[in-house]
A.B. asks: 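Dumping the structure here so I can ask a few things about it.
All values below come from the heavy atoms of this structure, side chains included, with hydrogens, waters and symmetry mates left out.
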Amino acid sequence: MLKVVDAFAIGGCFFVINCAKHIFMKLFFFSIIVVLMTSFASQKKTRVIFFGDSITQAGVQAGGYIVRVDSMCKVEGSGDKYLRMEDDVLAKNPDVVVIYIGVNDVWHKSSSGTGTDADKFEKFYQAIIDKLKAKNIKIILSTPAAIGEKTDFSNQQDGDMNEYSNIIRRIASKNNLALVDLRKAFLDYNLKNNPVNKDRGILTTDRVHLNASGNQLVADEMWRVIKSL
């Protein structure tokens, strides 16, 4: 269904997927760009760009949430899709950008001593939004989902994950932007489906990266909001 034609790395790698209804791209440190395009009944083409991290990179693999969104768009729209390389995201004049970052900003603070402090994260996030707004691009924000799936808030980074999610919720409200609240969606799902309070294996493979159920949940949440624009 998807074929990688070319890729390169500059602090990450870039992939582009095209369908015939929406375009999706993702970009961040160690990131990929995924582009999915489909045509609406009006035949007007809409481009949607995602900013992400290694979770996004995995999303383009077989069974990933990007591939699943591709399948959803094929059900609801039609047209040929193809994969090609993009050098400059904004040069493609996207109509919509979905920003899905935050996990690495928290996770890498303890795992490798890097990451991003909360105040810098908020300023950086707002700077991205300001740049996109200057080009009249619609924006969808997403909270980081999980670093551990325990539902009693005993995961090591739960405090920071909740703080950074609240930052994103506040930014979304302040800027009047659509929000995909994956942090809440993951907790709600685990409360129903994780009775023994496991730290992984319900929606993730390793507490962070998505398994099949996680990919489907993210795809459903993303697609629902994208369609509403």
Side-chain angles (χ1 to χ4, degrees), residues 11-17 22-36 46-60 64-66 69 86 88-108 115-147 160-186 208-210 215 217-229:
C13 46
F14 297 84
F15 297 90
V16 179
I17 301 172
H22 279 85
I23 295 187
F24 302 83
M25 299 185 187
K26 299 194 172 183
L27 170 67
F28 195 48
F29 308 111
F30 300 103
S31 66
I32 61 175
I33 302 175
V34 181
V35 181
L36 177 66
T46 302
R47 295 184 174 188
V48 182
I49 296 181
F50 291 83
F51 286 73
D53 47 31
S54 60
I55 298 172
T56 298
Q57 184 174 7
V60 77
Y65 72 90
I66 302 298
V69 172
E86 298 288 351
D88 189 341
V89 176
L90 292 179
K92 302 305 173 183
N93 298 314
D95 300 296
V96 181
V97 171
V98 179
I99 304 175
Y100 180 16
I101 60 177
V103 170
N104 282 353
D105 299 276
V106 172
W107 191 21
H108 291 179
T116 311
D117 292 336
D119 58 340
K120 294 180 181 178
F121 177 78
E122 185 165 3
K123 291 177 181 177
F124 174 70
Y125 211 115
Q126 186 62 54
I128 292 175
I129 291 172
D130 292 342
K131 188 171 184 178
L132 296 173
K133 279 186 170 182
K135 288 185 172 255
N136 296 316
I137 297 169
K138 293 181 180 179
I139 307 164
I140 299 173
L141 308 188
S142 177
T143 55
I147 305 177
D160 278 349
M161 287 290 283
N162 291 334
E163 179 183 3
Y164 283 51
S165 293
N166 283 334
I167 288 172
I168 294 170
R169 292 173 185 131
R170 184 167 65 247
I171 291 173
S173 177
K174 180 177 69 174
N175 291 274
N176 195 27
L177 299 175
L179 176 70
V180 179
D181 200 341
L182 293 180
R183 182 70 176 155
K184 182 179 185 301
F186 268 54
V208 173
H209 297 95
L210 307 176
N215 275 299
L217 178 60
V218 171
D220 289 341
E221 294 294 315
M222 294 282 192
W223 185 238
R224 176 179 56 80
V225 176
I226 290 167
K227 288 193 302 180
S228 71
L229 294 180

A.B. asks: Are any of the side-chain heavy atoms of Val218 and Glu221 separated by less than 4.5 Å?
C.D. replies: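 Of all side-chain heavy-atom pairs linking Glu221 with Val218, none is under 4.5 Å.
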
A.B. asks: Would you mind reporting whether Phe186 and Leu210 have side-chain heavy atoms less than 4.5 Å apart?
C.D. replies: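 A side-chain contact exists here, since the closest heavy-atom pair is under 4.5 Å.
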
A.B. asks: Please tell me if the side chains of Tyr100 and Ile140 come closer than 4.5 Å, counting only heavy atoms from C-beta onward.
C.D. replies: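 Of all side-chain heavy-atom pairs linking Ile140 with Tyr100, none is under 4.5 Å.
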
A.B. asks: Using 0.5 Å steps for rounding, measure from the CG atom of Asn166 to the CZ atom of Arg183.
C.D. replies: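 Nearest 0.5 Å value for the CG-CZ distance: 9.5 Å.
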
A.B. asks: To check you understand the geometry: which heavy-atom pair defines the closest contact between Ala118 and Glu163, and what is its length?
C.D. replies: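 So the minimum-distance heavy-atom pair works out to CB-OE2, 3.4 Å.
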
A.B. asks: Looking only at heavy atoms, which two atoms of Pro144 and Val103 are closest? And how far apart?
C.D. replies: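 So the two residues come closest at CB-CG2, 3.6 Å.
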
A.B. asks: Could you tell me whether Lys133 atom NZ has more than 12 heavy atoms of other residues or ligands within 6.0 Å of it?
C.D. replies: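 Check passes, neighbour count above 12.
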
A.B. asks: Test side-chain contact (heavy atoms from CB on, under 4.5 Å) on Tyr125 and Ile167; report intermediate values, then the result.
C.D. replies: CA-CA 9 Å; Tyr125 211 115; Ile167 288 172; 5.9 Å; no

A.B. asks: Would you say that Ile99 contacts Leu132 through its side chain, given a criterion of any heavy-atom pair below 4.5 Å between the two side chains?
C.D. replies: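 Counting from C-beta outward, Ile99 and Leu132 do come under 4.5 Å.
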
A.B. asks: Tell me, do Leu182 and Met222 make a side-chain contact under 4.5 Å, heavy atoms counted?
C.D. replies: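 With C-beta onward as the side chain, the pair touches.
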
A.B. asks: Drop me the distance from Ile129's CD1 to Phe124's CZ, to the nearest 0.5 angstrom.
C.D. replies: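 Output value for this atom pair is 11.0 Å.
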
A.B. asks: Does some side-chain heavy atom of Asp105 sit less than 4.5 Å from a side-chain heavy atom of Lys120?
C.D. replies: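 No, side chains not in contact.
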
A.B. asks: Could you state the interatomic distance from CG (Asn176) to CD1 (Ile171), rounded to the nearest 0.5 Å?
C.D. replies: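 Answer rounded to 0.5 Å: 14.0 Å.
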
A.B. asks: How long is the span from the CZ atom in Arg169 to the CG atom in Asn162, to the nearest 0.5 Å?
C.D. replies: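 These two atoms lie 7.0 Å from each other.
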
A.B. asks: Can you tell me how far the OH atom of Tyr164 sits from the CD1 atom of Ile101, to the nearest 0.5 Å?
C.D. replies: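 With rounding to 0.5 Å, OH (Tyr164) is 11.0 Å from CD1 (Ile101).
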
A.B. asks: How far does OG of Ser173 sit from CG of Leu179, to the nearest 0.5 angstrom?
C.D. replies: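 So the gap between those two atoms works out to 9.5 Å.
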
